[in-house]
Amino acid sequence: MHGSTPTDGYSPAPDGRISIPDVIPIFPLPKVVLLPGEVLPLHIFEPRYREMTRDALDRHRVIGMIEYADEGSAPDTEEQAVRDVGCAGFIAEHKELPDGRYLLWLLGLERFRVVREIPSDTPYR
């Protein structure tokens, strides 16, 4: 397992606090809720979310977990609505598997409100 240590690219603030960027990638999932202070284990296997994980690990280690607004709608698309509120999560530990999948332990930090989605060149939102 890999933890959040300065040797793997992440350096916490001097006081040990985790800084949440103003813009974070979102990971919408049906019927999955992350709460502040809780840990959510995740198995990341879709190519777009593998890329999201790599990008987050290389930068700030924060992703936003959020539910779809309508559970009965089509698979994830940019047009598929998400709820207004989600929870920012910090990748506290991770393991990259030989085939590129990831096992993550996401620590819930605080709620966030979606103001708007920003267009991006990435395959994830």
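Bear in mind the structure is a predicted one, so any value in this text is a computation, not a measurement. Sequence positions, counted from 1, serve as the residue numbers for this chain. Any value given below was found using the heavy atoms of this structure, including those in side chains, with hydrogens, waters and symmetry copies removed.
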| What do the steps show when you test V32 against E67 for side chain to side chain contact (heavy atoms under 4.5 Å, CB included), and what is the final call? | CA-CA 6 Å; V32 175; E67 280 188 298; 5.7 Å; no

| Run the side chain to side chain contact (heavy atoms under 4.5 Å, CB included) check on L106 and L34 step by step: do they pass? | CA-CA 8 Å; L106 199 62; L34 176 63; 3.8 Å; yes

| said: Between R125 and V82, is the side chain to side chain contact (heavy atoms under 4.5 Å, CB included) condition met? List the steps. | reply: CA-CA 11 Å; R125 296 166 77 169; V82 293; 3.8 Å; yes

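V62 places a side-chain heavy atom less than 4.5 Å from the side chain of P21. In this structure, the side chains of E93 and P41 stay at 4.5 Å or more apart for every pair of heavy atoms. Side-chain contact check for R101 versus I44: every heavy-atom pair is 4.5 Å or farther apart. Side-chain contact between I26 and E117 is present, with heavy atoms from C-beta onward closer than 4.5 Å. Annotation: side chain of C87 is in contact with side chain of P36 (closest heavy-atom distance under 4.5 Å). Counting only heavy atoms from C-beta outward, the side chains of L57 and H94 approach each other to under 4.5 Å.
Across every non-hydrogen atom of G64 and F112, the tightest pair is CA-CE2, 3.6 Å. For the pair R50 and Y102, the tightest heavy-atom approach, listed with the atom from each and the gap, is O-CE1, 3.9 Å. Closest non-hydrogen pair, V114 versus R83, comes out as CG2-O, 4.0 Å. Closest of all the heavy-atom pairs between L42 and M65 is CD1-SD, 4.0 Å.
Judged by distance alone, the side chain of R113 and the main-chain N or O of V85 form no donor-acceptor pair under 3.5 Å.
The salt bridge (charged side-chain N to carboxylate O under 4.0 Å, His left out) test applied to E46 returns R48, not counting sequence neighbours. For A56, the side chain to side chain contact (heavy atoms under 4.5 Å, CB included) test picks out I63, I91, with sequence neighbours left out. Every residue was checked against the salt bridge (charged side-chain N to carboxylate O under 4.0 Å, His left out) condition with R111, not counting sequence neighbours, and none meets it.
Summarising the geometry, atom CZ belonging to R17 is positioned 12.5 Å from atom CG belonging to L109; distances are rounded to the nearest 0.5 Å. Rounding to the nearest 0.5 Å gives a distance of 5.0 Å between CG of L104 and OG1 of T53. Taking CD1 from I24 and NE2 from H60, the interatomic distance works out to 7.5 Å, rounded to the nearest 0.5 Å.
Annotation: F27 is in aromatic contact with Y49 [ring centroid separation under 6.0 Å].
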